[in-house]
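Below you'll find the structure, written out as structure tokens, and then a few comments.
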Amino acid sequence: MFTIARMIREDLQNAREHDPAARGDVENAIVYSGLHAIWSHRVAHALWVRGHKGPARVLAQVTRFLTGIEIHPGATIGRRFFIDHGMGIVIGETAEIGDGVMLYHGVTLGGQVLTQTKRHPTLEDGVVVGSGAKVLGPITIGAGSAIGANAVVTKDVPPNHIAVGIPAKNRPRNPDEQVKLVDPDAYITGGFAANYEI
Ligand SMILES: CC(C)(COP(=O)(O)OP(=O)(O)OC[C@H]1O[C@@H](n2cnc3c(N)ncnc32)[C@H](O)[C@@H]1OP(=O)(O)O)[C@@H](O)C(=O)NCCC(=O)NCCS
């Protein structure tokens with residue numbers, strides 16, 4: 001059985017792996033809004049699926065007030081989910097998120113219709129969504145794909161692709177990019193410069 005303590009340890013390790021600014025676990029547990037949001041969501045989701053929908057919504061709303069991250073308690077989120085920076089994130093009720101997914105600030109996983117159907121995106125394992133990106137509708141972002149900062153995505157993205165722009169266009173992802181895309185260090189320090197002339 002996957003215990004709560006193991007899950008918290010895994011989340012803390014995940015934060016260290018995804019953010020070069022992360023330091024000790026105690027500090028990270030206190031300062032990372034993304035961790036607070038996912039821990040709160042797991043409680044809210046458990047309440048939601050057991051039929052305690054009112055308390056689940058209230059908990060999600062309090063978390064939104066405290067973190068700036070709005071996750072509907074009905075959303076299904078896998079393990080090792082990480083939100084860097086937090087703030088301005090919206091994840092809709094019927095969104096489904098696999099394992100090892102990472103979102104930056106300002107991401108919306110939203111709907112385009114007002115019907116009570118599956119209307120939010122599915123993000124398969126290992127997807128990275130850049131800051132400010134809007135992923136809209138019951139579309140699927142394939143495993144290992146990345147959505148560029150500020151993209152607006154309304155159509156499926158195949159596995160291991162990159163989608164950028166408005167409306168987003170897909171291109172296959174070079175396997176060498178995998179490390180760079182999941183490691184924000186690459187955008188900040190020598191990782192990027194080591195691979196590319198900038
Ligand atoms: C989309 C992304 C994943 C592509 O990374 P990449 O494959 O290494 O792409 P490159 O940097 O080599 O750029 C390839 C081309 O796409 C363009 N491009 C890159 N990111 C783009 C974006 N978000 N929107 C539009 N075009 C973009 C580049 O200008 C370049 O164009 P060119 O071929 O005409 O020169 C990355 O640029 C990105 O947006 N990551 C999100 C990072 C983020 O949100 N960081 C927040 C930290 S706080």
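Whatever order the structure lists ligands and atoms in, that order sets their numbers, starting from 1. Computed from a predicted model, the values in this text were never measured in an experiment. Below, all heavy atoms of this structure are taken into account, side chains as well, without hydrogens, waters or symmetry copies.
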message: What I want to check is whether the side chains of Thr63 and Ser40 have a donor and an acceptor closer together than 3.5 Å.
response: yes
message: Checking Tyr32 against Asp19: is there a side-chain donor and acceptor pair closer than 3.5 Å?
response: yes
statement: Of Ala146, Ala149, Ser131, the residue with the heavy atom nearest atom 39 (O) of ligand 1 is Ala149
query: Can you find a non-hydrogen atom of Arg171 under 4.0 Å from ligand 1?
result: yes
query: Has Asn150 got any heavy atom lying under 4.0 angstrom from an atom of ligand 1?
result: no
query: Is the shortest side-chain N to carboxylate O distance from Arg80 to Asp125 below 4.0 Å?
result: no
Minimum heavy-atom distance between Pro121 and Lys118, given as atom pair plus value: O-NZ, 3.5 Å
field: Close-contact set for ligand 1 against His85 heavy atoms, below 4.0 Å
entry: 48 (S)
query: Counting from 1, what ligand 1 atoms have a heavy atom of Gly130 closer than 4.0 Å?
result: 41 (C), 44 (O)
- prompt: Would you say Glu27 has more than 12 foreign heavy atoms packed within less than 6.0 Å of its CD?
  reply: yes
statement: Paired with Leu109, the side chain to side chain contact (heavy atoms under 4.5 Å, CB included) test is passed by just one of Ile71, Ile141, Leu123, namely Leu123
task: Quick one: look at Asn174 and ligand 1, take heavy-atom pairs under 4.0 Å, and tell me if it's side chain, backbone, both or neither.
output: neither
- request: Heavy-atom distances under 4.0 Å are what count here, so tell me which part of His105 touches ligand 1: side chain, backbone, both or neither.
  value: side chain
